[in-house]
Amino acid sequence: MRIGELAERTGASRRLLRYYEEQGLITPDRALNGYREYGEPHVYGVLQIKGLLDAGLPTRIIRQILPCLDKPRSIYPPEVTPEMIVTLQHEQARLSERIEFLIRNRDAIADYLHMVAGDKVAGAGPGSGGRPQHYESHSRRRRLPALPLRRRDRCTT
DNA sequence: GTTCTTACA
DNA sequence: TGTAAGGA
């Protein structure tokens, strides 16, 4: 498929898909006319990349742990280097911190909501349509004040 | 009409 | 990232 279709199927803009390629995250084939040609694996790959990026991983890490997803290559490379393990452990710790950070702020918001609007709106919100959202570790957990969001470290190369 | 590269806001 | 230019 060409870039347009991949864009539709992944929700990533064509611009972004070209950017991923520039960053070495995906490597599509080229048709004779120069058009990029993507395969089915790329769809999953792009989704994977989006998720990792959303989790806050810099592209250089992703490029490292995602050894080219073009061809039918194993996702868990036998070439896992010790240094890769270390970086992944680092990322894991970073994600844990971020999760705690998010939980703390989410709870702070819930408290604020209780304070200004009462139970009728607590726990609900945009995008939570229908899902049973129970943040009921409430009564027990120690309430903490909201924290300012720290600027995410971003890596261009 | 779709895609390509380069470059600027 | 979006968008415009100039081609294929």
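Throughout, protein chains are lettered first and strands after them, A, B, ... in sequence-line order, and every chain is numbered starting at 1.
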Residue R2(A), side-chain heavy atoms: nucleotide from dG2(C), dT3(B), dT5(B) that is nearest
dT3(B)

E37(A) CD to dC4(B) P, in whole Å, measures 9 Å

Roughly how many Å is it from CZ in R30(A) to C1' in dA8(C), rounded to a whole number?
14 Å

Protein-nucleotide distance (N33(A), atom CG; dC4(B), atom P), rounded to Å
8 Å

Does the dT5(B) base have a donor-acceptor partner in the side chain of R18(A) within less than 3.5 Å?
no

I need the CG-P distance between L32(A) and dT2(B), as an integer number of Å.
21 Å

Between CZ of R14(A) and C1' of dG1(B) the distance, given in whole Å, is 11 Å

Rounded to the nearest Å, what distance is computed from the CD1 atom of residue I3(A) to the P atom of nucleotide dG2(C)?
12 Å

Write down the distance between OH (Y38(A)) and C1' (dC4(B)), rounded to a whole number of angstrom.
11 Å

Any idea which of dC8(B), dC4(B), dT3(B) is nearest the R15(A) side chain?
dC8(B)

Can a donor-acceptor pair be found, under 3.5 Å and without considering hydrogens, that links the side chain of R14(A) to the backbone of A7(A)?
no

Does a side-chain heavy-atom distance below 4.5 Å link E37(A) with R2(A)?
yes

Work out which heavy atom in L25(A) is nearest to a heavy atom in R63(A); give both atom names and the distance.
CD1-CB, 3.7 Å

Between dT3(B) (P) and E21(A) (CD): distance, integer Å:
14 Å

Scanning both residues in full, the closest heavy-atom pair of I26(A) with L17(A) reads CD1-O, 3.5 Å

Watson-Crick/G-U partner (both atom distances under 3.5 Å) of dT2(B):
dA8(C)

